[in-house]
Structure formats: C-alpha cells, structure tokens
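Numbers restart at 1 for each chain; the letters A, B, ... are given by sequence-line order, proteins then strands. What you see is a predicted model, and the numbers here were worked out from it, not measured in a lab.
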Number of protein chains: 2
Amino acid sequence: MRFHSPAIQYFHAVRRTGSIRAAARVLNVASSAVSRQILKLEQEVGSPLFERNARGLTLTTVGEMLARHVMNVLQDLDRFRSDVASLSGAWSGTVSIACIESLTESVLPDLIASHRGRARRVSFTIEVKGSSDVLEALSRGEADIGIAMALRHPPDLRQAALKRFRLGAVVAREHPLARRKTVTLEQCLAFPVINALPELSIYHLLQPLIAQLSETPEPAIQANSIDLMRELAARGVGVAFQTQLGINRLSRDSRLVFLPLDNAGSPVWSDLGIYVRAERTLPAYTESFLQELVRELGERERRENAAHPHTP
Amino acid sequence: MRFHSPAIQYFHAVRRTGSIRAAARVLNVASSAVSRQILKLEQEVGSPLFERNARGLTLTTVGEMLARHVMNVLQDLDRFRSDVASLSGAWSGTVSIACIESLTESVLPDLIASHRGRARRVSFTIEVKGSSDVLEALSRGEADIGIAMALRHPPDLRQAALKRFRLGAVVAREHPLARRKTVTLEQCLAFPVINALPELSIYHLLQPLIAQLSETPEPAIQANSIDLMRELAARGVGVAFQTQLGINRLSRDSRLVFLPLDNAGSPVWSDLGIYVRAERTLPAYTESFLQELVRELGERERRENAAHPHTP
DNA sequence: TATAACCGTTGCCGAAACGGCAGCAATATG
DNA sequence: CATATTGCTGCCGTTTCGGCAACGGTTATA
C-alpha cells in the first residue's frame, strides 16, 4: 500500500536519520536515488529543504514546514490503513508511547496488560524519557501518545488530559518520619535526602521550594532513577521524593511508606499531562488506548487523592 | 509543486466528478491514464474503491475512507503552500465560504470588503446554500468555512463558534404591530403571514412553535428568498420572520421595523454555527479571516442583543 | 601531515512506470 | 434500433526511477 510518491518517504527518512546515506540504508535503496528525490523536491518547492553540513543534513525553515506536512500525511495514512483493516477483522497496529518514568511502575504495565488481553494484535512501543524529550519525540512524530509533566507544551501538541497527583516523601517503615500522616519539606531536610537529578521532573518541582527555604540543605545522594531512589529509601539511606503514582507497588511493598508533602499548609501537586500531536487524527486502536489511559489516570487521581485527602 | 503521486490527484478528481472520463477532461489527460491509476490504487489497497455503475462511479466504504485521507492530504498541502508563500511576501490564496442567506446582507460583504482592503491577494469564493448543504459542502472539502444554522453537525466538522441571534418579525412601518416593542407568535398569526419554505432554516425554527399553538394559522404566502419576503413585508403584504442579522439594512430601510419574537415569555433564538473540517489545519490567511468572522459575529451578537434586551 | 571514513552529488544505463491512441463491450437514452 | 457515453485494455513512445561506480569535499585519527 504505497500510493505516496517516493519523494515523501525519502524526505521523511532523511529528516529522521539526518543523512542521505543513512536514510538510503534504512530504505534499502541506493543513496543516489535518495539524493535525487531530495533535489527534485527542492526544485519543485523552489527553495532548499536542507542545509548541507559536512556531517549530514539539517532542515531549513521551509524544510521544517514540509516536514510538518509530510508528518501529517504519513500519520494520516497510518490512520487510513487502520480504518481499512478494522473493516475486515480485528484491530492491528502499534501504539507508540513516550512517557516519564513515574508511569512504568504500575500504570502502564497494568493498562497494557489489560488492553492486550482484549486486543491481541495491537502491539506497543514504550520509550521512557525526560518530560521535555517526551514532548519533543511527540513533535517529531516518533511517538503517538506522550505522558509528561505538564509544562508549557508547544502549539503543535494537544493536551488530551491533565491529572494532578500529590508529591510526597518516601521513607523506610522504620524511619522517624514514618509515623506522620504528612510531612513538610523542612521536616524532610532534617534527614539525609535522596535528590533527583535535573533530568527527572521531580527536580524541577522541588527545586523552587527548596530555594525558598532559608537553610541550605545538607549534601545528599543524587540519582536519576526513581527505582534506585526508592530502593535506597527502603534501605533507610534517606528520604526520597516521588509522585504518588506507584501506589500499588508502595502498598504492596511493606518496607516503604508514602507521606504526602505539605508546603505552607497546602499540598504540592505534580501535574501530569497526556499529549498527542494536534494536527492528527489517531487510528482507532490508538484512540481507544488513549481513552483507557485517561480514564485510568483519572481513576487513580480520584483514588489516591481520596486516600490522602488534604485537610487544612 | 506536485510532489504527490498522480494516483492521489486522479482519485480526488474522479470522486468529485463522479466519472473517470469527466475527471480526465478536468485533468487534461487521457481517460485511460486515469482508469489505470484508479485500478492500481484499488490493487494496492486490496479492495475496490468505486462501484461501477453504467453511468459513472460511486464510492464504496473503503473509497470513502480513502477520500477522507486524500482530502486531508490535499488540504494540508494547500496549507503548506500558503505557509511557504507567506515566508517570502504577502499572503495569497482563496478562501472558500459556504453559508446560508442571512449573511449575504451585511455581515459577509462588510467583512470581505474590509479584509480585501488589507490583504489584496486573498480572493474569495462564496456559495449560498441551505444549512444542511453547507455542512455537506464542508464535509466534501468544497468549502473552507461554513456558516449555517447550528443543527447537529457530523463528527468530521468542528464548530469554531456558536452565536445566537433573536428571531423576530419584520413588518412595514404602517403595520398595526409596528408600534410594539416585541411580539408573540399568536399576535403575528392574527395577521397575514409570509412563511419560509422548508429549505430555509427559519422554517425549522418556527414550525415547532406554530405546531404548539391550538389555532391553525390562516393560509399565507410562502417563499424561499429572504430578500423577497422582506420586500413583501415592506409592501404591507404581511408579517415576515427573520433573524436579526440584517440590522444595518433594516435600520437604513425606513420602510421596515424589526420586532423580536417572544414565545411563552422568553426570546426565540436562532443559533448560528461557524464550521470547519475537524481534521484540518487552515492556511494562515483562512485562519485569519475565520478569526475576524467570529469576532465580527460576536460583536453583532452583543450589539443586537443590547439593542433588544430581553426584559421579562 | 598523511590516511581513512563519511558525506552528497553526478553520468551512465537498464528497468519500471506513465500517458496517449484507438478500439472493445456494456449500458443508458432517444 | 441508432446513438452516445461509460470503463477498460493492448500497443507503443516517453518519462521517471534506481543501481553502480566514481568524484570532490570535510572530519577524525594516526
């Protein structure tokens, strides 16, 4: 089913790989063929699409405009294909997800397992990244659904949902703080703290709050793996911070206790956004999974905020 | 700038014309070429796209799916072209509008005149139709912006705005009703009435209200031209009904008086919807005009409802 | 500084796709 | 029954496409 001119596909491959020869290898064609299609495209548009650096190609402004169009075309072609396929038989296709680490613990595995139980021919690709990389992957058409901290998102993305979860401290059951219902940041900083590195979004949530405090926190462990931080906390090394999304795991893990953070009397929220490219209609199977994801996250938001209500 | 395979364009032409030979004439190619491209497309999709009637071609279900994709591709190509053009120089392109008759009196001519004053290279195509035909033209990709009575719209359309205007009676200055501030339907039906035919949306607004009344209205004039109905009212033939959009003309036309309708103590609203295809990003110049249109209609809605406030 | 590894581009040539012409059978119109 | 229109199909010249090999240029490495 290849009814679009090769130029479109070649251009797309060159944009992704950043080089004509690399694109040719991916496409299983000679590099000369790719080169010629690009040149022909540039001639028809009437303006260069790439800047030729010695090390590869970079998009020009016009090139980025064409990239946007080509992305729209190819993604809509995918949708068309899935529409036709769903006419005669079961759904089939690949849902590609880019998300931050908080989801890997229970939300995504639960959802995907249950979804695969109902639609066996739908496969998944999951890439874990930092929040800004998630949005970037989405913009570049490398993922269908993105889940990231709700920062300002570029206009080519659409926020399909926004869910807020409480940020909290995670400590070992034997930790002095463990008997409290909630904790403040000051209380945590009295103990050794396991900090997130800037690549994790938790860093950007906590840093402004820490900066407001007068005392300088004592040096602590820093890491970029939520899992590692949690395991360190379980071993009593210190206080870790994370959003309240690992509730299943935490309630199963008898070594750990989750303590919602209070800051100046009000909860510290971590806003989770679900994103898709704006200029796009999702294939039916992707849209269906998206709906389930939004529903499930809404469910957890409700449940977890009920488990730790904010009573001023 | 033709970087999409001929099959796409040929398919599009065949869908619009309903026949391969007609499409070939439009495209200035031999009909055999068109026929072959369609056959090739069907072979690649793996399913027939058209039903071959002796008199021409009709889309199959799969064909409609492909038509949707092709429309998305070609409309987005237009947008890309306009983006590139706007990079180097002024906007240029054509805004195609499908709308109901109420707009032709002052809203559209005013807006288009003022817009053309600022952007000379943007041209316009306006087609006046019934409300459902407006939506259909939009769905089929034959118009960029649609303005129609806000009925239930198909899911492939997006309602960019919704404005409500009061429905009212239009009578000659010498008419017995002319001294009132507002009128009820009963009061109007005591006089000869100039009714709209079902092709006008006013018919569908008034019919349910008339049906609620116990008395059967006396036979009256029926017409499908708002202009004609207005001229008849000016000549004292009877009471006409229309939405309050012709305010400029009416206030200039000393022969006529507009009387807002009251029904059971509350105004009778006529909802005007502005529509665009949902799966589409408008070219910059079209988007710009759309914004002005929405702003202008909002302005008139505000102004006219202030001129005839509803005081229960 | 010499060498090797990439990079994009170009000439040449066979293969594939495309489009025009004329003619076919089927169907609708009068 | 005659005529017109429909979509489709061989045939054939033209255009486009892709593979191969080679060229000039830049970058990294020895």
TODO: Starting at atom CZ of B:Arg21, determine the distance to atom P of C:dA22, rounded to an integer number of angstrom.
DONE: 13 Å
Open item on the list: Could you check whether A:Arg277 pairs with A:Glu136 (Lys NZ or Arg NE/NH1/NH2 to Asp/Glu carboxylate O, under 4.0 Å)?
Closed with: no
Task: Note: A:Glu42-A:Arg52 ion pair, threshold 4.0 Å (strictly below) - done: yes
Open item on the list: I need the residues from residues 34-44 of chain A with at least one non-hydrogen atom less than 4.0 Å from DNA chain D; give them sorted by number, or say none.
Closed with: A:Arg36, A:Gln37, A:Lys40
Task: Ion pair check, B:Asp83 and A:Arg68, cut-off under 4.0 Å - done: yes
Open item on the list: Reading DNA chain D in the 5' to 3' direction, which nucleotide is the first one with an atom under 4.0 Å from a heavy atom of chain B, and which is the last?
Closed with: D:dT6 to D:dC11
Task: Protein-nucleotide distance (A:Arg25, atom CZ; C:dG8, atom C1'), rounded to Å - done: 13 Å
Open item on the list: Any carboxylate oxygen within less than 4.0 angstrom of a Lys/Arg side-chain nitrogen, looking at A:Arg280 and A:Asp144?
Closed with: yes
Task: Closest-nucleotide ordering on DNA chain D, the 5'-leading residue of A:Pro6 and A:Ala54 - done: A:Pro6
Open item on the list: For the CD1 atom of A:Ile97 and the CG atom of A:Leu293, what is their distance to the nearest 0.5 Å?
Closed with: 7.0 Å
Open item on the list: Over 60° means perpendicular and under 30° means parallel, so tell me whether A:Phe289 and A:His115 are parallel, tilted or perpendicular.
Closed with: perpendicular
Open item on the list: If I compare all heavy atoms of B:Leu138 with all of B:Ile145, which pair ends up nearest, and what's the gap?
Closed with: CD1-C, 3.7 Å
- [ ] Measure the distance from CZ on A:Arg55 to C1' on C:dC6 and round it to the nearest whole Å.
- [x] 6 Å
Open item on the list: Once hydrogens and angles are ignored, does a donor-acceptor distance under 3.5 Å link the base of C:dC6 to the side chain of A:Ser19?
Closed with: no
Task: First encountered from the 5' end of DNA chain D, between B:Arg52 and A:Tyr10 - done: B:Arg52
Task: Centroid-centroid distance, B:His4 to A:His69, less than 6.0 Å - done: yes
